[in-house]
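These notes concern the structure reproduced below.
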Amino acid sequence: MCGIAGFFNPRINKEKALESIELMLQAIAHRGPDARGTWWHDGLLLGHNRLSIIDLSHEADQPMQYQGNAMVFNGEVYNYLEIRNELIKKGYRFTTQSDTEVVMASYLEWGIDCVNHFIGMWAFALYDAKNDQVFASRDRFGIKPFYYIHKDGSFYFASELKGLKPTPVFSNELNLNQVSRGLQMGWLCYNDETYFDSISALPAAHNLVIKFSSNEIEEIEITRYWDVYTGEYQDISFAEKTSRFKEMFAESIALHMRSDVPVATCLSGGLDSSAIVSEVQQQHPGTSYKSFSIYYDGDGDVDERPFIQKVIEKYPSIDPFYKKPSDEEVRTEF
């Protein structure tokens with residue numbers, strides 16, 4: 001994961017803006033230990049803490065600029081190689097091997113519809129210099145977070161709530177409706193609501209466009225670009241659905257394994273993680289692959305290690321790691 005942050009505030013100078021973005025990035029520094037960068041343009045400031053996954057070189061650091069535009073990006077577009085090759089055929093040229101640059105070129109080619117070409121998880125903010133607007137987007141299932149405050153003609157955003165706390169527009173007043181939902185159901189957000197009245201969340205599968213005029217925010221548009229209820233597979237048989245699911249699952253695992261750093265997995269012994277590990281081993285037999293498992297034992301606790309061990313025994317190339325948190329660690333760390 002990476003950490004993105006930024007804002008548009010025409011009433012503060014560049015020096016003050018850089019101080020503000022530094023505080024925002026410090027608050028979410030744990031999201032990206034490999035590089036930190038900022039970009040400023042006429043009241044708009046973008047900041048990024050990088051955790052390097054694709055293209056580990058500093059040429060792929062962010063904020064990234066491409067043909068006059070600038071962007072901060074958190075996530076991964078797993079089919080970036082296929083999109084990259086398609087764009088190269090259209091005449092685009094790339095100076096890095098990163099998926100970030102592919103996202104930026106995709107925007108030039110398809111505009112805000114570019115997100116319909118992506119398979120992955122993302123939250124990003126891209127400044128479009130030609131149209132003088134910011135285009136932000138969140139992935140289909142909201143895996144990557146995007147929080148923001150729109151107040152008094154300014155707009156601030158960050159990957160975490162704490163990234164917005166140092167800003168001059170943050171208010172500590174709680175949204176008690178969301179607090180109730182969180183206590184009862186564990187929800188971090190509900191639609192665009194968060195625990196704070198002042199902070200909104202960009203909902204999953206939504207785009208946000210900020211249009212500027214005369215160095216002021218003219219309009220903010222939020223639109224949904226995808227819905228899970230497409231009905232695409234409604235009229236096929238159960239056997240066909242089963243076959244198609246297996247194909248899609250295998251394709252997804254193959255794309256997720258693209259990385260310039262080692263890939264590992266969480267293994268709980270449950271159906272989901274066991275299926276993922278098994279498919280990885282089917283596609284890459286004998287490849288060393290680390291798994292990480294949390295377990296508890298003692299009266300009243302559930303120890304899933306016997307289920308985990310079944311998977312380890314079937315695929316001996318898995319290198320398992322186990323962690324048993326103490327009561328004190330749970331209290332202090334979680």
Side-chain angles (χ1 to χ4, degrees), residues 1-6 8 14 17-18 21-22 25 28-29 31-42 44-139 144 146 157 159 207 209-210 254-263:
M1 68 180 176
C2 296
I4 64 173
F8 172 76
K14 183 176 181 179
L18 290 172
I21 197 67
E22 182 63 25
L25 291 174
I28 55 173
R31 299 184 67 91
D34 297 324
R36 177 177 295 179
T38 58
W39 177 88
W40 157 270
H41 171 73
D42 202 18
L44 177 67
L45 211 150
L46 303 177
H48 191 265
N49 289 325
R50 186 183 183 200
L51 177 66
S52 304
I53 302 295
I54 301 294
D55 189 345
L56 309 185
S57 71
H58 286 297
E59 284 73 21
D61 287 349
Q62 299 181 44
M64 182 175 286
Q65 298 181 60
Y66 186 86
Q67 295 192 23
N69 296 341
M71 186 176 79
V72 287
F73 172 73
N74 171 33
E76 188 172 351
V77 173
Y78 299 116
N79 62 331
Y80 77 101
L81 292 179
E82 289 78 5
I83 297 174
R84 190 177 195 270
N85 290 335
E86 182 179 355
L87 291 171
I88 288 173
K89 292 177 182 178
K90 292 177 178 291
Y92 289 86
R93 295 294 177 262
F94 299 90
T95 60
T96 75
Q97 299 299 316
S98 72
D99 54 344
T100 306
E101 192 176 22
V102 172
V103 171
M104 300 190 75
S106 298
Y107 176 75
L108 289 178
E109 177 65 23
W110 296 298
I112 64 173
D113 289 336
C114 65
V115 294
N116 295 309
H117 294 255
F118 301 157
I119 299 173
M121 53 181 180
W122 65 82
F124 64 75
L126 183 153
Y127 175 65
D128 178 344
K130 180 180 178 180
N131 296 302
D132 196 21
Q133 65 182 25
V134 169
F135 168 50
S137 181
R138 193 175 179 197
D139 63 77
K144 293 302 181 182
F146 189 100
F157 70 89
S159 292
N207 293 330
V209 177
I210 306 172
L255 290 175
H256 277 70
M257 290 298 289
R258 288 176 173 172
S259 175
D260 293 329
V261 294
V263 177

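From a predicted model like this one, the values you see are computed outputs, not experimental measurements. Heads up: numbering here begins at 1 and tracks the sequence. Computation of the quantities below employed the complete heavy-atom set of this structure, encompassing side-chain atoms and omitting hydrogens, waters and symmetry-equivalent molecules.
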(message) Using 30° and 60° as the class boundaries, would you call the ring planes of Phe124 and Phe118 parallel, tilted or perpendicular?
(response) perpendicular
(request) Spell out, as yes or no, whether a donor-acceptor pair under 3.5 Å connects the side chain of Asn49 to the backbone of Arg31. (result) no
(message) For a side-chain contact (heavy atoms from CB on, under 4.5 Å) check, start with the C-alpha distance between Gln97 and Arg84, then their side-chain angles and the critical distance, and finish with the verdict.
(response) CA-CA 9 Å; Gln97 299 299 316; Arg84 190 177 195 270; 3.6 Å; yes
(request) Search all heavy atoms of Glu76 against all heavy atoms of Asp99 and return the closest pair with its distance. (result) CA-OD2, 3.3 Å
(message) Show the nearest heavy-atom pair for residues Cys2 and His48, with the distance to one decimal.
(response) CB-NE2, 3.5 Å
(request) Using the test side-chain contact (heavy atoms from CB on, under 4.5 Å), find all partners of Ala35 that sit at least two apart in sequence or belong to another chain. (result) Arg50, Asp61
(message) Return the CD to CD1 distance between Glu109 and Ile83, rounded to the nearest 0.5 Å.
(response) 11.5 Å
(message) Working to the nearest 0.5 angstrom, can you tell me the gap between Thr96 OG1 and Met64 CE?
(response) 4.5 Å
(message) If I compare all heavy atoms of Ala125 with all of Leu46, which pair ends up nearest, and what's the gap?
(response) O-CD1, 4.4 Å
(request) Would you indicate whether the side-chain heavy atoms of Arg36 and Glu22 approach each other to under 4.5 Å? (result) yes
(request) Any chance you could measure Ile4, atom CD1, to Ile28, atom CD1, to the nearest 0.5 Å? (result) 8.0 Å
(request) Taking the side chain as every heavy atom from C-beta outward, state whether Asp132 and Tyr127 have any atom pair closer than 4.5 Å. (result) yes
(message) Suppose the criterion is ring-ring contact (aromatic ring centres under 6.0 Å, His included): which pairs have a residue in residues 66-104, not counting sequence neighbours?
(response) Tyr78-His256
(request) Can you measure from CD (Gln67) to CG (Asp128) and round to the nearest 0.5 angstrom? (result) 11.5 Å
(message) Within the 4.5 Å heavy-atom criterion, are Phe157 and Val72 side-chain neighbours or not?
(response) yes
(request) Mind checking the CG-OG spacing from Asn207 to Ser137? Nearest 0.5 Å is all I need. (result) 4.0 Å
(request) Output the distance between atom CD (Glu82) and atom NE2 (His117), rounded to the nearest 0.5 Å. (result) 13.5 Å
(message) Is any side-chain heavy atom of Val102 closer than 4.5 Å to one of Ser106?
(response) yes
(message) Test your reading of the model: is there a side-chain donor-acceptor pair from Asp260 to the backbone of Ile54, 3.5 Å cut-off?
(response) no
(message) I'd like to know if the side chain of Glu59 pairs up with that of Thr95 as donor and acceptor (distance under 3.5 Å, no hydrogens or angles considered).
(response) no
(request) For residues Glu101 and Arg93, report the shortest heavy-atom separation together with the two atoms involved. (result) OE2-O, 4.4 Å
(message) Quick one, Asn74 and Met1 - any side-chain contact, counting heavy atoms below 4.5 Å?
(response) yes
(request) Return the minimal non-hydrogen interatomic distance between Trp110 and Glu86, and the atom names on each side. (result) CZ2-OE2, 3.6 Å
(request) State, to 0.1 Å, how close Thr38 and Ile21 come at their nearest heavy-atom pair, and which atoms those are. (result) CG2-CG2, 3.7 Å
